[in-house]
Chemist: 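Before anything else, here's the structure in question.
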Amino acid sequence: MRQVKTLGLLGTGVIGGGWAARALHFGIDVIAADVKPEMEGWIRGAIANAEPALARLTDAPLPPKGTLTFTTDLHAMAAQVDFIQENIPEQIELKQRVLAGVSRHAPQDVVIASSTSGIMPSDLQRDMVAPERLIVGHPFNPVYLLPLVELVGGKQTSEASLEAAKRFYTYIGMHPLRVRKEIPGHLTDRLQEALWREILHLVNDGVATTGELDESIIYGPGLRWAGMGTNQIYHLAGGEAGMRHMLAQFGPCLKWPWTKLEAPELTEQLIDRMVDGTSAQAAGRSIRELERLRDDYLVAIQQVLRQFDIGAGATLRALEARLYNDAKARHAPAAEDPRQPLKLVATPVRPDWIDYNGHMTDYRYLQVVGDAVDALFRRVGIDERYRAQGRAPYTVETHVTYEAELRQADSLYVTTQVLAVDPKRLQLFHRLYRADGTLAATAEQMFVHVDAASGKASPMAPEALAKLEAIRAAHAGLPRPPEAGRAIGMRR
Ligand SMILES: NC(=O)c1ccc[n+]([C@@H]2O[C@H](COP(=O)([O-])OP(=O)(O)OC[C@H]3O[C@@H](n4cnc5c(N)ncnc54)[C@H](O)[C@@H]3O)[C@@H](O)[C@H]2O)c1
């Protein structure tokens, strides 16, 4: 199957828009096709809305953004793309007809994926040309922030198509979950619907409001679910004996009528309660406002999970490792003058970095310097694999001077000069500049290379040392920064 450079979208509503935002952000061109010409304006708006949150997801270097084109000619789109993601309404006959038509125009090595929430792939591939390339790739809203995509094959689907889809989805930062057997509703919607059915019953029976039921999740189980699923959580709930004790203790309750399997009738009264309840919860906030709030916390949660290398945070880490690797290949060192300080980080000042004076708050200067150090370490091979061997440079001293203010949305970049290096020590000097070249801060740092098991200084790997030494030698002709070696209050 092909390497995906251009993604074709069939249907550009909520889900098509989400796919477009994610793919473009990670450098994939998109040809979006919809029967309604007015959807062009809609999808461009959806992409613009997604961008602020997506831009904050990672500081890893991104490739240039992809470009978007829009067409109402589905077949012309199919002839030009490397992968097609179908996102038209959830109606089986419509999907079958459109997929069959598109399959006659897409080259046979183009995977065709459906975003269907519950239709089985064997039904979708029925009338297609080359049905072995049809898979279900079921995403979750917002597609541009949630990494999960359920991957399901039908009776005629080839392993090669599933593998190609998995590669593509991983490339754009997703977590493909292979569903072993096709079943209506795949996996996640089966679970979500079971919960929703109970909600509908509890509202219908007048037991609780929509707001109370949401509280019952967000202050408790919801917090756990981001890092561990129900099964792992219940294993912990069983104490030392784990799941076995949990089943012995709560197993009998499964026979009690705690939950109901059949959904209640959607009467007018129930619909009113659900709608009135959720609009009371919105408290006057528009869908767009609530979406922004949701996007902001989804980004923040993934960044926290990254620290623990768990769930969606592990996916984010893997994506970043790939982005750093690709950036290395893109920016061949020949492009920079090795005699000048390295320019390793460039970023806008984010809104959450601003303090009550409207300036970038002091510890964020250190964070940006830390990002530069991370980038330098990666460049010389001190990365996750290196640290997994129980060794790493530890910061033992940092001296920051603040020279100029940085305000929200200012662009800044950091340069790094290697002042000294030996097997156990590394001395760096960083300068933070505003995009216009104004010096905003300097930071001098000393690192000691440590063996984590003994907690003692130890020599770094010879390859890393050789690379750092080469950078130091190239920087030897630079003047020593006047701030280097300064103590607090000492005049320059
Ligand atoms: N909304 C969700 O949360 C969600 C989540 C995961 C998967 N899905 C699935 O994604 C698919 C799309 O859902 P959505 O919420 O984006 O729907 P939507 O109604 O927002 O968008 C559907 C789009 O398809 C277009 N369309 C209709 N007929 C078409 C045709 N013949 N050819 C091309 N375009 C056509 C419509 O103009 C519209 O823009 C469904 O299969 C749904 O089950 C939805």
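Ligands are counted one by one from 1 in listed order, and the atoms in each one are counted from 1 as well.
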Chemist: Will you find, in the side chains of S122 and Q156, an N or O donor that is under 3.5 Å from an N or O acceptor?
Modeler: no
Chemist: Compute the shortest N/O to N/O distance between L94 and ligand 1 and return yes if it is under 3.5 Å, no if not.
Modeler: no
Chemist: Name the option, out of S117, A46, G18, that contains the heavy atom nearest to atom 8 (N) of ligand 1.
Modeler: S117
Chemist: In the protein, what heavy atom is nearest to atom 31 (N) of ligand 1, and what distance, to one decimal place, separates them?
Modeler: V98 CG2, 3.5 Å
Chemist: One residue to check: I119. Relative to ligand 1, which of side chain, backbone, both or neither has a non-hydrogen atom less than 4.0 Å away?
Modeler: neither
Chemist: How about S115 and E86: does a side-chain donor come under 3.5 Å of a side-chain acceptor?
Modeler: no
Chemist: Any idea which atoms of ligand 1 are less than 4.0 Å away from a heavy-atom of G11?
Modeler: 24 (O), 34 (N)
Chemist: Which protein non-hydrogen atom lies closest to atom 29 (C) of ligand 1, naming both residue and atom, and how far is it?
Modeler: V35 CG2, 3.5 Å
Chemist: Looking at atom 19 (O) of ligand 1, what's its closest protein heavy atom, distance included?
Modeler: P89 CG, 4.8 Å
Chemist: So which heavy atom in the protein is nearest atom 6 (C) of ligand 1, and how far is it from that ligand atom?
Modeler: P139 O, 3.2 Å
Chemist: Hey, looking at atom 10 (O) of ligand 1, which of T12, V102, I15, I92 has the closest heavy atom?
Modeler: I15
Chemist: For ligand 1, which atoms sit closer than 4.0 Å to a heavy atom of T116?
Modeler: 41 (O)
Chemist: Name the option, out of I43, D34, N87, that contains the heavy atom nearest to atom 12 (C) of ligand 1.
Modeler: N87
Chemist: Please work out whether the ring planes of Y169 and F83 are parallel, tilted or perpendicular, with thresholds of 30° and 60°.
Modeler: perpendicular
Chemist: Taking only heavy atoms of H138 into account, list the atoms of ligand 1 that are under 4.0 Å away from them.
Modeler: 6 (C), 7 (C)
Chemist: Tell me which protein heavy atom sits closest to atom 34 (N) of ligand 1, plus the residue, atom name and distance to 0.1 Å.
Modeler: I88 CG2, 3.4 Å
Chemist: Any cation-pi pair here, R44 with F70, using under 6.0 Å and within 45°?
Modeler: no
Chemist: Strictly inside 4.0 angstrom of atom 24 (O) of ligand 1, do you find any protein heavy atom?
Modeler: yes
Chemist: For Q389, I'd like to know if atom CD has over 12 heavy atoms of other residues, nucleotides or ligands within 6.0 Å.
Modeler: yes
Chemist: Flag yes if more than 12 heavy atoms outside Y234 fall under 6.0 Å of its OH atom; otherwise flag no.
Modeler: no
Chemist: Please report whether ligand 1 has a polar contact with K95, defined as an N or O pair separated by less than 3.5 Å (distance criterion only).
Modeler: yes
Chemist: Side chains of Q96 and D123: any donor to acceptor distance under 3.5 Å?
Modeler: no
Chemist: I'd like to know if D383 and R378 make a salt bridge, using a cut-off of under 4.0 Å between side-chain N and carboxylate O.
Modeler: no
Chemist: Could you tell me if Q269 and D272 have a donor-acceptor pair between their side chains, going purely by distance under 3.5 Å?
Modeler: no
Chemist: Identify the protein heavy atom lying closest to atom 21 (O) of ligand 1, giving its residue, its atom name and the separation to 0.1 Å.
Modeler: G13 CA, 3.3 Å
Chemist: In the protein, what heavy atom is nearest to atom 20 (O) of ligand 1, and what distance, to one decimal place, separates them?
Modeler: V14 N, 3.1 Å
Chemist: Do any N/O atoms on N141 end up under 3.5 angstrom from N/O atoms on ligand 1?
Modeler: no
Chemist: Look up atom CG in L344 and atom CG in L376, then write down how far apart they are to the nearest 0.5 Å.
Modeler: 6.0 Å
Chemist: Quiz question: by atom type and distance under 3.5 Å, do the side chains of T157 and E132 form a donor-acceptor pair?
Modeler: no
Chemist: Grab the two heavy atoms, one from L99 and one from I112, that are nearest each other, plus how far apart they are.
Modeler: CD2-CG2, 3.6 Å
Chemist: Determine whether any protein heavy atom is located less than 4.0 Å from atom 41 (O) of ligand 1.
Modeler: yes
Chemist: Using a strict 4.0 Å cut-off to heavy atoms of M39, name the atoms of ligand 1 that fall inside it.
Modeler: 39 (O)
Chemist: For a quick test of reading the model, state the closest non-hydrogen atom pair linking L7 to A23 and the distance between them.
Modeler: CD2-CB, 3.8 Å
Chemist: What protein heavy atom lies closest to atom 9 (C) of ligand 1? Include the residue and the distance to one decimal.
Modeler: S115 O, 3.4 Å
